[in-house]
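Encoded as structure tokens, the structure appears first; notes follow it.
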Number of protein chains: 4
Amino acid sequence: MTTPNKVTDLFNQSVDDSDLSAKQKSVLQASLTLFSEKGFDRTSTSDIAKLANVSEGTVYKQFKTKEGLLHAILTPAIQQVVPKIANDFLTELLQNNNTDFKDFLKWLAQDRMTFAVENQAQLRILIQEIARSDGMFKRLGDTFMGKIAVHANTLFQKYQDNGQLIQWPMPRIARYIASAIMGYILPVILRNDHNLDIAQSSEEVAEFLYRGLKP
Amino acid sequence: MTTPNKVTDLFNQSVDDSDLSAKQKSVLQASLTLFSEKGFDRTSTSDIAKLANVSEGTVYKQFKTKEGLLHAILTPAIQQVVPKIANDFLTELLQNNNTDFKDFLKWLAQDRMTFAVENQAQLRILIQEIARSDGMFKRLGDTFMGKIAVHANTLFQKYQDNGQLIQWPMPRIARYIASAIMGYILPVILRNDHNLDIAQSSEEVAEFLYRGLKP
Amino acid sequence: MTTPNKVTDLFNQSVDDSDLSAKQKSVLQASLTLFSEKGFDRTSTSDIAKLANVSEGTVYKQFKTKEGLLHAILTPAIQQVVPKIANDFLTELLQNNNTDFKDFLKWLAQDRMTFAVENQAQLRILIQEIARSDGMFKRLGDTFMGKIAVHANTLFQKYQDNGQLIQWPMPRIARYIASAIMGYILPVILRNDHNLDIAQSSEEVAEFLYRGLKP
Amino acid sequence: MTTPNKVTDLFNQSVDDSDLSAKQKSVLQASLTLFSEKGFDRTSTSDIAKLANVSEGTVYKQFKTKEGLLHAILTPAIQQVVPKIANDFLTELLQNNNTDFKDFLKWLAQDRMTFAVENQAQLRILIQEIARSDGMFKRLGDTFMGKIAVHANTLFQKYQDNGQLIQWPMPRIARYIASAIMGYILPVILRNDHNLDIAQSSEEVAEFLYRGLKP
DNA sequence: CATGAATGAGTGTTCATTCAT
DNA sequence: AATGAATGAACACTCATTCAT
């Protein structure tokens, strides 16, 4: 039931296939690296220019401001990539009635963990931004909910009707699923650790969640 | 089974009862507010001086550097308050054999949620620092584990012997408990939200965890 | 027997013909003026920027630190210009066996006095630095000795063999020559006086030294 | 013909026997040490307070400003001590017709070298100040000349009449004597070297000067 | 007298941003 | 499009000096 991790593909697509010149791509890459390593505020545009092997002026040609660079990195991950994928797989799931709830949980965990590991750099930046501004977290939550709520609702309903899912309100269920998976992902990202046994971890968390959420 | 939240007391003690002058306390308060609101890097020492109604020189008299201020705010929360409390209550629990596992979970959730709500500002800053530097998360984890691992181990063992707790390795159990509680705390802190129904939330999360972790 | 004073030429070359922009040259000029007038420590980078008619940032673009500016001014005088010239003229002298010792003394005095008068600003700064740090004086002496000792030794030997120079050890002879010339140069530099009758002064000092150093 | 070095005595007198409290003397000592080691500008009043083991306020009680401290250290050396001694011994000499010129030179060298070695710290500071401001050198020269010129003139006249001293104008003679002795003193002070063989050095320089200045 | 907290102007330095080439 | 010199407003931090205790 594993699906190819389209997230990275989509992100890379938005970088590679864009109309950006090689230099601009280099700027974006350097920013991603440095923002992730040292944080947005502690990264200077001169650092970026140096790492990207371009002039300081070039950094500003495409991305008008330093914040523009941040958005260029974060926006695809937030506004497009995440919900799009989510949408895709939920839709897919909804059309497949037979899927066992535990399998779904495992698949979900696996999918999100893969995404996290493959996009650690961006996620580190995202987490820093979330920690900094009130707005970001709310906006992120709203975006996500707005695009998934309906589908997730339907899906959970199905599992509840199936007798595979406890009769708790949807947000409560979502919260437990999300936080349990986060419990595996966050330490990996925050420790800049690249070793996560996704197969076992997703199996484990699915087992726990299944026990906690079955009627 | 609720214990008074000693955390805030201890923290405030270290601020109020210290040998700091009124101006220095004011500096600390202003830093706490601004670091929490805008983040460490985006807060200038001039901002702090203005809010604290002191001169810039005063900011540096006691806390030699800006980072010194950060440490003055964070250290009590990290090095002393958190582990001490944890230690206290765990010792207490160990001496009380009769406590039901679910009650323990509820108590734990309640205790940590209260702590979180009462120390939102510091925790926002802490989260920002965690997100910024690899080191912080690791150090935090090590400190915490070093001080609690033994007691928690014994406690969980007891519940496992009781037949109230599934036979999973301790870290796995701890991870689920921590992340489920975090699932309530983090949104509150990151949204700068002051409304958390601790009574109900702790009841809820204890219920879920109990279901997921009973044999 | 007068040689053109190549010192200033060389120094100016390193300033004017360098790859420095007009603004950077202006920064160097302003620094030279201010360091010489008020001393390194009492000259602020803002003063320099104002006098040079550039922004403060410009001061730091080329010369990474304030000390960098000092080095940019002093290094050519110390490391290259002085010994190089000294070397040049000594070599020249060595090839001219017939020169009378008194003529040599006069020529030397003239040459050094001209150098001093034409490089008063740099020398004022150099003297200030010598007065400030132990290291500078030693380093300067070592550099100078390392490059000249051999040639001077040979030269003095020749005059001693000629019967024109007393049989004292070389350092003692050098000390008297140097200090007598310094006796004319230092007051001029320290008083920021631009009137030194080099012709007469060199004649005078040569006469005195000749009397004191003939066998 | 050696006289006890009254210089240091006089200076110490002005420090020790003054109406200064122990703390104030400590401040003066600390300033002397630090000004000499790091220079006036690079010594902070807080450094002085720390080394003197007093509060910052105390530094300002007696010596209203930082410059006041500098003057308290330099003034005795400049305005009183130096010329007073010179005056004393010159008067003495004038009354003693028989003294040989070479002996006088030797005595003078010895006296000044002893003074220099015993007052290195103050002289380092003095040299730094001379190097910094035009005024200082001129003032120093004027003070010195104003107090000694007459006596020295008479003395030299005597030696010239004796047939022991060449018929050059007084300033020229003084210049050679001063710079030759300086040729021994300056390197010692600037290198912070405490080893000067005064007996031999004064013998040496007297020999040279005698040769250079005899008719 | 002595203290040391407090001041606030000033320092060297950085950095996002602009623009002539 | 790309460069990099130039900008100038910040910034973290220092320091001579004051003054209430």
Side-chain angles (χ1 to χ4, degrees), chain A residues 20-24 26-27 41-50 52-69, chain B residues 19-24 26-27 41-49 52-69, chain C residues 19-24 26-27 41-49 52-69, chain D residues 20-24 26-27 41-50 52-69:
Chain A
L20 297 178
S21 69
K23 300 235 172 194
Q24 300 298 351
S26 173
V27 168
D41 288 313
R42 299 189 182 181
T43 299
S44 72
T45 49
S46 131
D47 288 342
I48 295 171
K50 255 169 234 150
N53 249 325
V54 300
S55 71
E56 287 202 54
T58 300
V59 174
Y60 280 83
K61 205 68 184 195
Q62 193 67 218
F63 314 97
K64 304 306 181 196
T65 66
K66 196 184 163 194
E67 293 252 333
L69 266 170
Chain B
D19 51 355
L20 296 178
S21 70
K23 300 234 173 194
Q24 298 299 347
S26 170
V27 168
D41 288 313
R42 299 190 181 180
T43 300
S44 73
T45 50
S46 136
D47 288 342
I48 294 171
N53 246 325
V54 299
S55 71
E56 279 209 59
T58 300
V59 174
Y60 282 86
K61 204 67 180 207
Q62 196 67 219
F63 313 97
K64 305 305 179 192
T65 64
K66 197 185 162 194
E67 293 249 331
L69 265 171
Chain C
D19 50 355
L20 296 178
S21 70
K23 300 236 175 192
Q24 297 298 349
S26 170
V27 167
D41 288 313
R42 300 191 178 178
T43 300
S44 73
T45 49
S46 136
D47 289 342
I48 295 171
N53 249 323
V54 299
S55 72
E56 284 222 56
T58 299
V59 174
Y60 282 85
K61 205 66 181 208
Q62 195 69 218
F63 313 96
K64 304 306 180 193
T65 64
K66 195 185 163 194
E67 293 249 332
L69 263 171
Chain D
L20 297 179
S21 70
K23 300 234 172 195
Q24 298 299 350
S26 173
V27 168
D41 288 313
R42 300 191 179 180
T43 300
S44 72
T45 50
S46 134
D47 287 343
I48 295 171
K50 254 170 236 151
N53 249 325
V54 299
S55 71
E56 287 202 55
T58 301
V59 174
Y60 280 84
K61 205 67 185 196
Q62 193 68 220
F63 314 96
K64 304 307 181 193
T65 65
K66 195 185 164 194
E67 293 252 333
L69 266 170

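We name chains A, B, ... by the order of the sequence lines, and we start the count at 1 in each one.
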Any donor-acceptor N/O pair, Lys61(A) side chain to Gln24(A) backbone, under 3.5 Å
no

Take the protein atom CG of Leu69(A) and the nucleotide atom P of dT17(E), then report the distance between them rounded to whole Å.
10 Å

Rounded to the Å, how far apart are Lys50(A) NZ and dC15(E) P?
9 Å

Categorize Val54(D) for me: base, sugar-phosphate, or nothing, with a 4.0 angstrom heavy-atom threshold over every strand shown.
sugar-phosphate

Residue whose nearest DNA chain F nucleotide is more 5′ - Ser46(B) or Ala22(C)
Ala22(C)

From Tyr60(A) atom OH to Leu69(A) atom CG, the distance as rounded to the nearest 0.5 Å
8.0 Å

Evaluate side-chain contact (heavy atoms from CB on, under 4.5 Å) for Gln62(A) paired with Lys23(A), printing each intermediate quantity in order.
CA-CA 10 Å; Gln62(A) 193 67 218; Lys23(A) 300 235 172 194; over 6 Å; no

Separation of dG4(F) atom P from Lys23(C) atom NZ, nearest Å, is 19 Å

Smallest separation among heavy atoms of Thr45(C) and Glu56(C), with atom names:
OG1-OE1, 3.2 Å

Once rounded to the nearest 0.5 Å, what's the spacing between atom OG1 of Thr58(C) and atom CG of Asn53(C)?
11.0 Å

Base, sugar-phosphate or nothing for Thr45(A)? Non-hydrogen atoms, less than 4.0 Å.
base

Taking only side-chain N and O atoms of Ser55(D), does any of them lie within less than 4.0 angstrom of OP1 or OP2 on dG4(E)?
no

By nearest nucleotide on DNA chain E, pick out whichever of Lys66(A) and Gln24(D) is the more 5' one.
Gln24(D)

To the nearest Å, how far apart are Phe63(B) CZ and dA12(F) C1'?
16 Å

Gap between atoms CD1 and C1', on Ile48(C) and dG10(E) respectively (whole Å):
15 Å

Residue pair Asp47(A) / Arg42(A): nearest heavy atoms and the distance that separates them:
OD2-O, 4.2 Å

Rounded distance (Å) that lies between atom P of dA5(F) and atom OH of Tyr60(A):
16 Å

Rounded to whole Å, the NZ-C1' distance (Lys64(C) to dT13(E)) equals 12 Å

I want to check one thing: is the phosphate of dA12(F), taken as OP1 and OP2, less than 4.0 Å away from some side-chain N or O of Thr65(B)?
no

Interatomic distance, Asn53(D) CG vs dG4(E) C1' [rounded to whole Å]:
14 Å

Contact class for Glu67(B) (heavy atom, under 4.0 Å): base, sugar-phosphate, or nothing?
nothing

Residue mapping more 5' on DNA chain E - nearest nucleotide basis, Arg42(C) or Thr58(B)
Thr58(B)

Which atom names give the shortest non-hydrogen contact between Val54(A) and Val27(A), and what distance separates them?
CG2-CG2, 3.8 Å

Least distance between heavy atoms, Ala52(A) atom then Ser26(A) atom:
O-OG, 2.8 Å

Reading DNA chain F from 5' onward, which residue's closest nucleotide shows up sooner: Glu56(A) or Asp41(B)?
Glu56(A)

Note, DNA chain E 5' to 3' with Watson-Crick or G-U pairs under 3.5 Å encoded as ( ), [ ], | and . gives .||||||||||||||||||||

For a quick test of reading the model: is some side-chain N or O of Lys61(D) closer than 4.0 Å to OP1 or OP2 of dT3(E)?
no

